[in-house]
Amino acid sequence: MTYEQPLPEPDPEAQGPTEAERAGREAVRRQAQGMGHREAVHAFRRLADAPDSPSEDEADAAGDRGDGGRRLAELAEWERIVEQLSLHAGTYDVETDPYVQGERAAH
């Protein structure tokens with residue numbers, strides 16, 4: 001099977017993540033280093049259940065929280081890491097995380 005549909009041109013107006021979002025993701029990755037799936041699930045739930053965590057209804061209003069979207073980025077990063085760890089029995093390693101490696105290659 002070949003992919004024949006042309007890829008869309010990149011949107012020059014599209015903005016990347018904010019500095020706060022990048023900082024949140026990096027903090028989660030540092031925290032997750034060496035964790036197994038169970039530990040990552042526990043860390044995600046602890047953050048999601050915190051009183052100052054946004055609800056699912058607030059996800060579209062990240063800019064209104066005053067944190068530049070950091071908390072939502074942290075929650076999303078934990079969710080991504082938990083999903084990744086559910087696919088294998090190992091521990092999280094930022095150096096072998098394909099998503100992180102893709103980000104690094106893009107910059």
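Because the structure is a prediction, the values reported are computed rather than measured.
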Where is the tightest heavy-atom contact between [X] and [Y], given as atom of each residue plus distance?
{"X": "Gly34", "Y": "Glu39", "result": "O-OE1, 4.1 Å"}
{"X": "Ser53", "Y": "Ala48", "result": "CB-O, 3.5 Å"}
{"X": "Ala40", "Y": "Leu85", "result": "CB-CD1, 3.8 Å"}

Could you grab the distance from atom [atom1] of [X] to atom [atom2] of [Y], nearest 0.5 Å is fine?
{"X": "Tyr99", "Y": "Arg25", "atom1": "OH", "atom2": "CZ", "value": "5.0 Å"}
{"X": "Glu21", "Y": "Asp67", "atom1": "CD", "atom2": "CG", "value": "9.0 Å"}
{"X": "Leu47", "Y": "Arg71", "atom1": "CG", "atom2": "CZ", "value": "4.5 Å"}
{"X": "Glu83", "Y": "His37", "atom1": "CD", "atom2": "NE2", "value": "9.0 Å"}
{"X": "Tyr92", "Y": "Gln31", "atom1": "OH", "atom2": "CD", "value": "12.0 Å"}

Exercise. Does Pro17 offer a backbone N or O that forms a donor-acceptor pair with the side chain of Arg22 under 3.5 Å?
Worked result: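 Yes, Arg22 side chain to Pro17 backbone: donor-acceptor pair under 3.5 Å.
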
Exercise. Taking side chain as C-beta onward, heavy atoms only, is Arg104 less than 4.5 Å from Val94?
Worked result: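 Yes, close enough: below the 4.5 Å cut-off.
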
For this session: Check whether any side-chain heavy atom of Trp78 lies under 4.5 Å from a side-chain heavy atom of Arg46, and answer yes or no.
Result: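 They are not in contact (no side-chain heavy atoms under 4.5 Å apart), so the answer is no.
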
For this session: Using side chain to side chain contact (heavy atoms under 4.5 Å, CB included) as the criterion, point out the one residue from Glu79, Gln33, Glu74 that pairs with Val28.
Result: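 Passing option: Glu74.
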
For this session: Quickly, which of Thr96, Thr91, Asp97 forms a side chain to side chain contact (heavy atoms under 4.5 Å, CB included) with Asp93? Name it, please.
Result: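 Looking at Thr96, Thr91, Asp97, the match for Asp93 under the side chain to side chain contact (heavy atoms under 4.5 Å, CB included) is Thr96.
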
Exercise. Is it true that atom CD of Gln101 has more than 12 heavy atoms of other residues, nucleotides or ligands lying nearer than 6.0 Å?
Worked result: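 Check passes, neighbour count above 12.
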
Exercise. Taking NZ, NE, NH1 and NH2 as the nitrogens, is one of them in Arg70 or Glu77 under 4.0 Å from a carboxylate oxygen of the other?
Worked result: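 The answer is no: the pair does not qualify as a salt bridge.
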
